[in-house]
Amino acid sequence: MFEDRTRLYIGLSFVAGILITLGFKDVYPDLERRYHQRRRRYSTTNPTAIRKPGEKLALKDNTGRPESTVRLPDVEIPEGIEGCIGKTPLFKIKSLSDATGCEILAKAEFLNGAGNSPKDRVALNIIKMAEEEGLLTPNSGDMIYEGTVGSTGISLAAICRARGYLAHICMPDDQATEKADLLLKLGAEVERLRPAPIIDQNQFVNTARRRALEHTADPTKLGRGIFADQFENEANWQAHFNGTGPEIYAQTNGHLDAFVSGAGTGGTISGVSLFLKPKLPKLKVVLADPEGSGLFNRVKYGVMFDVKEREGTKRRSQVDTAVEGIGINRVTANFEAGRELVDDAVRVSDEQAIAMARWLVEKDGIFVGSSSAVNCVAATMLALKMGPGHRIVTILCDSGTRHLSKFWAQAGAIGGEVDISLDDVLKAGEKEVK
């Protein structure tokens with residue numbers, strides 16, 4: 001009986017094997033077909049996955065296939081060098097923030113794309129407004145004349161070339177020589193003049209105005225002469241009202257306690273203040289003023305007067321100072337446009353500015369010019385006065401590379417490891433500051 005069951009099981013196993021073999025034979029072609037389909041699909045998307053030995057890798061461009069097309073976001077491409085003006089970064093100066101307990105933020109205006117200073121905004125706006133009024137025609141021989149200590153001239157020279165004009169720059173001969181050299185490389189005509197007060201007809205601003213009139217009256221010259229007039233032209237402060245101010249407000253999310261800036265023409269401090277103050281009534285606006293300038297007393301006491309010009313000490317020419325680009329001894333329309341919004345003023349000596357410039361290199365690797373150093377001294381003094389927890393914004397106007405032959409020649413080389421305290425910076429030359 002056991003043997004009969006064994007034979008039965010063997011017989012059933014044999015029959016089952018035959019049935020399975022026959023079934024697999026029918027199914028196998030379909031399995032093989034599916035296998036090759038998957039193999040081809042995988043090798044298409046990953047060409048390195050399956051290759052025969054010695055077979056060369058063939059890459060295929062599938063970007064045209066609808067299923068592989070990726071939509072990249074549209075990126076705005078600036079048009080010309082003028083498109084690289086504005087939208088400069090706002091960053092935290094770490095060393096000054098750590099030392100004061102306040103957040104001291106710097107608007108990096110030296111990163112404007114044409115002349116590398118806030119004057120790019122002004123020069124472009126002056127030119128655009130003149131074009132809108134029909135005063136300038138590209139590639140006609142029209143020439144823009146301006147009296148400047150350097151930065152506005154550099155911005156005008158670059159933007160004039162970009163828009164089809166020429167530039168004639170009148171500047172004092174006591175300014176850093178690299179500024180005049182740069183103007184010449186940008187194709188501007190440069191006229192260097194002896195420093196003189198504004199009442200002197202040969203003063204650099206007055207000379208620029210006269211040269212523009214002479215150009216227009218000269219029948220042998222192509223085009224017209226246009227005087228930019230950065231000190232009185234309202235296109236100056238409007239450039240900062242429409243650009244610098246809104247940018248600062250957006251970059252801080254409207255959270256700032258003070259704004260600190262120097263003033264030459266006064267366009268920056270007026271334009272930014274006129275934009276920010278209505279939105280932030282508690283904002284403290286502070287002028288940073290170098291020695292020899294009368295703006296400090298204009299803000300504090302309502303009169304244009306500097307201690308170095310008191311009876312018996314008044315000089316025949318401009319006060320000799322290492323700081324360039326800010327400070328003035330006359331009232332300008334641009335400064336007066338926002339003067340009532342300026343709450344206070346801080347006097348900064350040459351020694352403090354030089355010490356601060358060295359500090360910024362030593363502590364932060366920031367290499368700036370004299371006006372930027374003045375701004376940072378004033379911002380630091382204000383931070384210590386206000387106390388920890390406040391947010392203060394100031395302006396870094398231009399790079400130290402424009403100040404090598406004068407300001408940085410006095411500052412000297414930084415050298416190796418140098419460790420000075422912030423107190424040393426603020427007390428530098430304090431006996432001369434009054």
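Keep in mind that what you see is a predicted model, and the values were worked out from it rather than measured.
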| said: Can you give me the closest heavy-atom contact between A114 and I81, atom names plus distance? | reply: CA-CG1, 3.8 Å
| Is the NZ atom of K87 crowded by more than 12 outside heavy atoms at less than 6.0 Å? | no
| request: Locate the shortest heavy-atom distance separating L422 from W359; write the atom from each residue and the value. | output: N-CZ3, 3.4 Å
| message | Under a 3.5 Å distance rule, please check whether E146 uses its side chain to pair with a backbone N or O of I169 as donor and acceptor. | response | no
| task | Ignoring hydrogens and angles, tell me if any N or O in the side chain of R298 forms a donor-acceptor pair with the backbone of V331 under 3.5 Å. | result | no
| request: Report the C-alpha separation of F335 and I328 in whole Å, then their side-chain angles, then the decisive distance to 0.1 Å, and conclude whether the side chain to side chain contact (heavy atoms under 4.5 Å, CB included) test is met. | output: CA-CA 10 Å; F335 184 74; I328 195 171; over 6 Å; no
| request: Output the distance between atom OG1 (T401) and atom NZ (K179), rounded to the nearest 0.5 Å. | output: 10.5 Å
| field | Any donor-acceptor N/O pair, K277 side chain to L283 backbone, under 3.5 Å | value | yes
| field | Nearest-0.5 Å distance that lies between atom NE2 in H215 and atom NZ in K221 | value | 6.0 Å
| message | Any non-hydrogen side-chain atom of W408 less than 4.5 Å from a side-chain atom of I414? | response | yes
| said: Do S405 and E178 pair up side chain to side chain, a donor and an acceptor below 3.5 Å, judged on atom types alone? | reply: yes
| query | Side chain of D257, backbone of I392: donor and acceptor closer than 3.5 Å? | reply | no
| field | Heavy-atom side-chain contact between L341 and L274 under 4.5 Å | value | yes
| Under a 4.5 Å cut-off applied to non-hydrogen side-chain atoms, are D229 and N236 in contact? | no
| Side-chain donor-acceptor pair present, N334, T332, cut-off under 3.5 Å | no
| said: Do V286 and D343 make a side-chain contact, defined as non-hydrogen atoms from C-beta onward lying under 4.5 Å apart? | reply: no
| query | Mind checking whether T88 and E247 have side chains closer than 4.5 Å, heavy atoms only? | reply | yes
| query | Would you say S155's side chain and D120's backbone share a donor-acceptor pair under 3.5 angstrom? | reply | yes
| task | Determine whether Q251 and K107 make a side-chain contact, defined as any pair of heavy atoms from C-beta on separated by less than 4.5 Å. | result | yes
| task | Please assess D289 against I326 for the test side chain to side chain contact (heavy atoms under 4.5 Å, CB included), listing each intermediate value before the final yes or no. | result | CA-CA 7 Å; D289 207 35; I326 58 173; 5.9 Å; no
| Rounded distance (nearest 0.5 Å) linking atom CG of L186 with atom SG of C160 | 10.5 Å
| Contact summary for S293 and N329, nearest pair of heavy atoms | C-OD1, 3.5 Å
| message | Under a 3.5 Å threshold, yes or no: a donor from one side chain and an acceptor from the other, between S95 and D364? | response | yes
| said: Could you report the tightest heavy-atom contact between S371 and E324, atom names first, then the distance? | reply: CB-O, 3.8 Å
| Looking at CG of L295 and CD1 of I269, how far apart are the two atoms once the value is rounded to the nearest 0.5 Å? | 9.0 Å
| request: State plainly whether the residues D344 and K385 are in salt-bridge range, i.e. N to O under 4.0 Å. | output: yes
| Side-chain touch V425/R358, heavy atoms, less than 4.5 angstrom | no
| field | Spacing of R347 atom CZ and F296 atom CZ [to the nearest 0.5 Å] | value | 5.5 Å
| When rounded to the nearest 0.5 angstrom, what is the spacing between OG in S117 and CZ in F110? | 12.0 Å
| field | Criterion side chain to side chain contact (heavy atoms under 4.5 Å, CB included) on I85 and I159, from CA distance to verdict | value | CA-CA 10 Å; I85 296 173; I159 299 170; 3.7 Å; yes
| Distance only, no hydrogens: is a donor on one side chain within 3.5 Å (strictly under) of an acceptor on the other, for Y165 and E131? | yes
| query | So which of R163, R121, K128 actually passes salt bridge (charged side-chain N to carboxylate O under 4.0 Å, His left out) with E82? | reply | R163
| message | Strictly distance-based, threshold 3.5 Å: is any side-chain N or O of D218 a donor or acceptor partner for the main-chain N or O of E214? | response | no
| query | Is a donor on one side and an acceptor on the other found under 3.5 Å between the side chain of D350 and the backbone of T321? | reply | no
| message | Treating Q203 as the side-chain partner and V205 as the backbone partner, does any N or O pair qualify as donor plus acceptor under 3.5 Å? | response | yes
| Counting N and O atoms only, with roles assigned by atom type, does the side chain of S370 sit under 3.5 Å from a partner on the main chain of V323, one being a donor and the other an acceptor? | no
| No-hydrogen, no-angle side-chain donor-acceptor test under 3.5 Å, S372 and N375 | no
| Take atom CD in E340; do more than 12 heavy atoms of anything else shown fall under 6.0 Å from it? | no
| said: For a quick check under 3.5 Å, do T252 and R391 share a side-chain donor-acceptor pair by atom type? | reply: no
| query | Taking the six-membered ring where the residue is Trp, are the ring centres of F275 and F241 under 6.0 Å apart? | reply | yes
| field | Any I198 side-chain heavy atom under 4.5 Å of N206 side chain | value | yes
| request: Could you tell me which non-hydrogen atom of H240 sits nearest to which non-hydrogen atom of P118, and how far apart they are? | output: CE1-O, 3.9 Å
| remark: Closest heavy-atom pair, S97 versus I104, reported as atoms and distance to 0.1 Å, is OG-N, 3.0 Å
| said: Regarding Q230 and N233, do their side chains bring together a donor and an acceptor under 3.5 Å, going by distance alone? | reply: no
| query | Any donor-acceptor pair under 3.5 Å linking the side chain of T394 with the backbone of C376? | reply | no
| query | Checking side chain to side chain contact (heavy atoms under 4.5 Å, CB included) for the pair V368/C397: CA distance, chi angles, key distance, verdict? | reply | CA-CA 8 Å; V368 293; C397 307; over 6 Å; no
